[in-house]
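For reference, the structure is listed below as structure tokens.
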2 protein chains.
Amino acid sequence: MKAIAVKRGKEKPVVIEKPRPEPEAGEALVRTLRVGVDGTDHEVIAGGHGGFPEGEDHLVIGHEAVGVVVDPNDSELEEGDIVVPTVRRPPESGTNEYFEKDQPDMAPDGAYVERGIVGAHGYMSEYFTSPAKYLIRIPRSQAELGFLIEPLSITEKALEHAYATRSAFDWDPSSALVLGNGSLGLLTLAMLKADDKAYESLYCLGRRDRPDPTIDIIEKLGGTYVDSRETPVDEIPETHEHMDFIYEATGFPKHPIQSVQALAPNGVAALLGVPNDWSFEVDAGAFHREMVLHNKALVGSVNSHVRHFEAATVTFTKLPRWFLDDLVTGVYPVSEFEEAFDDDDTTIKTAIEFGTV
Amino acid sequence: MKAIAVKRGKEKPVVIEKPRPEPEAGEALVRTLRVGVDGTDHEVIAGGHGGFPEGEDHLVIGHEAVGVVVDPNDSELEEGDIVVPTVRRPPESGTNEYFEKDQPDMAPDGAYVERGIVGAHGYMSEYFTSPAKYLIRIPRSQAELGFLIEPLSITEKALEHAYATRSAFDWDPSSALVLGNGSLGLLTLAMLKADDKAYESLYCLGRRDRPDPTIDIIEKLGGTYVDSRETPVDEIPETHEHMDFIYEATGFPKHPIQSVQALAPNGVAALLGVPNDWSFEVDAGAFHREMVLHNKALVGSVNSHVRHFEAATVTFTKLPRWFLDDLVTGVYPVSEFEEAFDDDDTTIKTAIEFGTV
């Protein structure tokens, strides 16, 4: 079968031939439909994130997959089920408390591999196998865009953890700010628009000139675009308002610090970007004091697990069709897979198609 | 009646004479038993915190009070009830959503006054009045040390908010670190020792040489003393272990940043100290990355309200008698009140006695 992989020492992914995998006990065999591309894939390709599976010279990439079950292999799944796989799996050393507690998203380094990212092959191949318990059934109507379930699940978890921080009191948020107008930022903005909390005002920060398709989406969602080149995060309260909730999806290390100034009293910022080291001067006294005197919270969130994927399939039904159409700017066959990795100002979200239902 | 107040332009509190207050509708009249002294009182005296009640030239200080009801004034209280008052009250402009929702501890600046701290007279007087709903009945057995209920309530709230941040998953903390060996730090260490979470290892950070009574208390509680002059917070994992929970009670702005490195994966740090501005270089990239990749949380917490005081009266019963005896290093009559504000290496917690049961 065909697969898209990064090879040791190479700068770009290539199509390779691999044997079709055989499901082991407890695993199902899935025929891949589509696999989304995101920033993490670019980091894996650039060598800044991933790791090859033990003893191998290549890594099949891709972690945002949707497929159709072709061999349930005695699991509770049925042939023809449309499924989305989770990403984390036990490491070579075997299972551990995080998997046993069904919360591998809370596992530290070394206690997991991530398919398509670190230590385990991903889903950009015509077929893949997975333990059936890590395959989430989704409605057939979501098959086409099912590669969005994984990124949606990332925000489901972040919202769950962020809202948990505010669960000790009666919190009534009305304003939210998403930092980053990439595909995850836009998906999150659309989720917040559809959120039961019913934010009265939504903002999304980017650094693009008009006309720009992401700014169009932000405004069509009823949000306000904030250009970070004109308005740094800590100046947003002056030009707009304080934010009850901030979602950080850029990995820019000034954002967590500045967010504490931009938050309204009792607000929370969820942090999702993953920056490298960067030292600079910070008024840590003001940061500390503001956290305390206004009961603010910061919470980091990484990865997601089964219940977040399940929640994502429900959230998916609340997102407007025009939004999904505008968000997904390209779905490419394997023969044109390089197009899916091209990143220019008209690209928002791309996927590679391995087959159809 | 006698009261202890700071007067405008004066550097030290003095005893003044004031008329005994008359309870208004909904208020009870309380005869003061004892009032504790804490760091906030020292800040109020130094002028760095407080504010005088509108149109007055003095502020009666003290916010950690215990008293006995002498006039219930048609409230549900009874004459002879032992009570502890909460601290926040509506501002001059009247009540607001925070008081209506019964969470004034979540109110921002301007939406409250604090008795004995900012904008309203405190409890260091022979009698005080308070709305009956802000007087928490405590058992008669706690009357003597009832001035500890308010500081205990501060930690009850901080634990409530910190643990809420970890409520979205199955969290099983085993190590905890208290930053600060003042009276609040030591009270918190004793609370963590008595906590249902049953921490396996407890640490407390200070900057004192042995022999020292606070180090004795830490060790008698089964905790490990960490000298911050030898081991900064971010080096604690090397010399000891990573911490699931950190409680910051010093107001030293390096602590929140360093705590993120000292936390174990999925850990949380509660911030309580209130520093002034202080800018220095921070590896904000490492801070941000560590928050995200290990699902960490920081939560600020200030003040407390009725349910935290009620929880504190239960927690009080779990604290060992020797601990309370060792913690309270002096209770002084009004005639010797200056002694209660003296702060040397043998002073831990003091109170001023206005009367007995």
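Fair warning: this is a prediction, and the values are worked out from it, not measured in the lab. Chain naming here is simple, since letters A, B, ... match the order of the sequence lines and numbering starts at 1 in each. All values below come from the heavy atoms of this structure, side chains included, with hydrogens, waters and symmetry mates left out.
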May I ask you to test the [X]-[Y] pair for a side-chain heavy-atom distance under 4.5 Å?
{"X": "B:D244", "Y": "B:S174", "value": "yes"}
{"X": "A:D102", "Y": "A:K133", "value": "no"}
{"X": "A:L205", "Y": "A:I236", "value": "yes"}
{"X": "A:F245", "Y": "A:L159", "value": "yes"}

Among [options], which residue forms the greatest number of heavy-atom pairs with chain B at distances under 4.5 Å?
{"options": "A:F252, A:F280, A:F287", "value": "A:F280"}
{"options": "A:A270, A:P108, A:A164", "value": "A:A164"}
{"options": "A:A162, A:A158, A:G251, A:A107", "value": "A:G251"}
{"options": "A:N303, A:D172, A:V268, A:T165", "value": "A:T165"}

Whether the B:S304 and B:R307 side chains hold a donor-acceptor pair (N or O, under 3.5 Å, no angle test) is what I'd like checked.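 Result is no, nothing qualifies.
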
Please state whether the side chain, the backbone, both or neither of [X] comes within less than 4.5 Å of a heavy atom of chain A.
{"X": "B:D109", "answer": "both"}
{"X": "B:K296", "answer": "backbone"}
{"X": "B:P265", "answer": "side chain"}
{"X": "B:I257", "answer": "side chain"}
{"X": "B:E248", "answer": "side chain"}

How about CG on B:D170, more than 12 heavy atoms from neighbouring residues, nucleotides or ligands closer than 6.0 Å, or not?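 For B:D170, atom CG is crowded (more than 12 foreign heavy atoms under 6.0 Å).
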
Taking atom CG of B:D277 as the centre, report whether more than 12 heavy atoms of other residues, nucleotides or ligands fall under 6.0 Å from it.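 Yes - once you tally the heavy atoms of other residues, nucleotides and ligands closer than 6.0 Å, there are more than 12.
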
Below 4.5 Å, heavy-atom pairs only: which of [options] has the largest tally toward chain A?
{"options": "B:L272, B:V260, B:V302", "result": "B:V302"}
{"options": "B:S301, B:A264, B:S167", "result": "B:S301"}
{"options": "B:P253, B:P256, B:P275, B:G273", "result": "B:P275"}

Under the ring-ring contact (aromatic ring centres under 6.0 Å, His included) definition, can you give me all pairs with a residue in residues 292-315 of chain A, not counting sequence neighbours?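 Only A:Y134-A:H305 qualify under ring-ring contact (aromatic ring centres under 6.0 Å, His included).
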
Which bit of [X] comes within less than 4.5 Å of chain B, counting heavy atoms only: side chain, backbone, both or neither?
{"X": "A:K254", "result": "neither"}
{"X": "A:Y163", "result": "neither"}
{"X": "A:E160", "result": "both"}

Set out, in order, the CA-CA distance, both residues' side-chain angles and the distance that settles side-chain contact (heavy atoms from CB on, under 4.5 Å) for A:H255 and A:I246, then state yes or no. CA-CA 10 Å; A:H255 283 163; A:I246 296 178; over 6 Å; no

Nearest 0.5 angstrom please: A:E310 CD to A:S153 OG, how far? 11.0 Å

